[in-house]
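See below for the structure under consideration.
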Amino acid sequence: MATPHNQATKGEIAKTVLMPGDPLRAKFLAETYLENVKQFNTVRNMFGYTGTYKGKEVSIMGSGMGMPSIGIYSYELFSQYDVENIIRIGSCGSFKENVHLRDIIIVQGCCTDSNFAHQYELPGTYSAISSYALLERAVNKAKEKDVVYHVGNVLASDIFYHADQGSVEKWASMGCLGVEMESYALFATAAYLNKRALTLLTVSDSLVSNEETSPEEREKTFTAMMEIALEIA
Ligand SMILES: O=P(O)(O)O[C@H]1O[C@H](CO)[C@@H](O)[C@H]1O
Ligand SMILES: O=c1cc[nH]c(=O)[nH]1
């Protein structure tokens, strides 16, 4: 049974799926870390793979960029393929002077400028949070690995190129550590379907210092974050 965006049949996808935005990061991860790998999706080049990591079955699939894209893929994985956990592994921009290039953010909560939660017709504003069970495991693993990490709130934005240059300061002043474009929709979808989700981010650029990493580095070298996700999958 396929969906419009995923040609996998039921049973081909593990209970835990790691989701980078970039399908080439999914390919790199599967080729670098998984054994007994089988590719389950090529539709729209949104590559998906299942294999084993230290004997445990895990899947890795690209989510694409932005909330409409991860909204589609995560909804289908949770509702059609019996996936229980999705761990997004992405890149982000830092809003804070003390959150440096290549630091890891373990996302606890997520603000948004998107209307994604409007569909639930709630009588107020929905606060999107990660699964505490997954978050705790990620924090313990980050401590074990002795990497620089921060736990906190981020902004999931519909916009990469913001016209309002002042928006960074506004979100930073409310405690947001950085910006990416998917976690709000992922966390809301997980909550709606009674599943679990977490996001790990590596800082790829700083909106404070304007330093940035290269596209190749984003695809292939954010390995500490990738290893934490694989270890807790
Ligand atoms: O590196 P990924 O996971 O794609 O995440 C970030 O990078 C993209 C923007 O360049 C957006 O998808 C944003 O959330
Ligand atoms: O959404 C994103 C991702 C990385 N860097 C940014 O500045 N924004």
Side-chain angles (χ1 to χ4, degrees), residues 5 17-30 32 44-49 59-74 77 86-97 99-107 109-114 116 128 130 138 150 152-172 176-189 197-230:
H5 317 97
V17 181
L18 272 45
M19 294 200 96
D22 181 357
L24 290 179
R25 201 183 309 144
K27 184 172 188 284
F28 169 78
L29 261 161
T32 308
R44 292 178 181 246
N45 281 345
M46 198 54 76
F47 306 136
Y49 307 85
S59 295
I60 304 172
M61 182 180 180
S63 72
M65 287 187 283
M67 286 179 261
S69 191
I70 199 164
I72 289 171
Y73 292 111
S74 62
L77 288 169
I86 294 180
I87 305 172
R88 166 167 153 70
I89 41 179
S91 62
C92 71
S94 166
F95 280 166
K96 297 278 192 183
E97 240 169 59
V99 180
H100 300 112
L101 238 51
R102 301 178 193 85
D103 285 4
I104 291 172
I105 299 177
I106 303 175
V107 179
C110 192
C111 303
T112 196
D113 53 22
S114 140
F116 191 84
S130 59
H150 311 262
N153 214 343
V154 298
L155 170 68
S157 181
D158 275 341
I159 302 154
F160 186 85
Y161 296 109
H162 278 266
D164 173 13
Q165 298 294 322
S167 67
V168 168
E169 280 111 78
K170 289 179 196 159
W171 289 110
C176 287
L177 303 177
V179 58
E180 50 95 90
M181 302 179 72
E182 290 83 16
S183 293
Y184 189 90
L186 173 62
F187 295 172
T189 302
L198 173 70
T199 294
L200 304 177
L201 300 168
T202 302
V203 177
S204 59
D205 54 280
S206 168
L207 282 78
V208 182
S209 69
N210 294 324
E211 299 166 283
E212 59 182 21
T213 51
S214 70
E216 198 188 358
E217 197 175 348
R218 289 171 208 207
E219 186 186 318
K220 296 192 174 145
T221 68
F222 289 173
T223 48
M225 165 180 76
M226 296 175 188
E227 285 166 17
I228 292 170
L230 284 163

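In each ligand, atom 1 is the first atom listed, and ligand 1 is the first ligand listed. It should be emphasised that the depicted structure is a prediction, and the values quoted were computed from it without experimental measurement. When reading the values below, keep in mind they use all heavy atoms of this one structure, side chains included, and skip hydrogens, waters and symmetry mates. For reference, positions follow the sequence shown, starting with 1.
Checking each of T199, L201, L29 against I89 for a side chain to side chain contact (heavy atoms under 4.5 Å, CB included) leaves exactly one that passes, namely L29. A side chain to side chain contact (heavy atoms under 4.5 Å, CB included) with M225 is found for exactly one of I105, I106, T202, namely T202.
Looking at atom 8 (N) of ligand 2, its nearest protein heavy atom turns out to be F160 CE1, 3.5 Å. The protein atom (non-hydrogen) at minimum distance from atom 12 (O) of ligand 1 is E182 OE2, 2.6 Å. The protein heavy atom nearest to atom 4 (O) of ligand 1 is G21 CA, 3.5 Å. In terms of protein heavy atoms, atom 2 (C) of ligand 2 is closest to V179 O, 3.5 Å. Closest to atom 5 (O) of ligand 1 among all protein heavy atoms lies R88 NH2, 3.1 Å. Nearest non-hydrogen protein atom to atom 10 (O) of ligand 1 is F160 CE1, 3.5 Å. Protein heavy atom closest to atom 5 (N) of ligand 2, with residue, atom name and distance, is D205 OD1, 2.7 Å.
No side-chain N or O of H100 forms a donor-acceptor pair with one of S94 less than 3.5 Å apart.
Ligand 1 has no N or O atom lying under 3.5 Å from any N or O atom of G64, backbone or side chain.
Every atom of ligand 2 is numbered from 1 in the order shown, and the set under 4.0 Å from a heavy atom of L207 is 7 (O). Close approach of ligand 2 to M181 (heavy-atom distance below 4.0 Å) involves ligand atoms 1 (O). Taking every non-hydrogen atom of E180 and a distance limit under 4.0 Å, the qualifying atoms of ligand 1 come out as 14 (O). Residue M65 has at least one heavy-atom neighbour below 4.0 Å for each of these atoms of ligand 1: 8 (C), 9 (C), 11 (C), 12 (O). Residue-ligand proximity, S204 to ligand 2, at heavy-atom distances under 4.0 Å covers atoms 4 (C). Taking a cut-off of under 4.0 Å to the non-hydrogen atoms of S91, the atoms of ligand 1 that pass are 1 (O), 2 (P), 3 (O), 5 (O), 6 (C), 7 (O).
Within the structure, ligand 1 has R25 among the residues with a heavy atom less than 4.0 angstrom away.
To the nearest 0.5 Å, atoms CD (E212) and OG (S91) are separated by 11.0 Å.
By the criterion of a heavy-atom distance under 4.0 Å, neither the backbone nor the side chain of S157 is placed next to ligand 2.
Remark: D22 does not engage K27 in a salt bridge, criterion side-chain N to carboxylate O under 4.0 Å.
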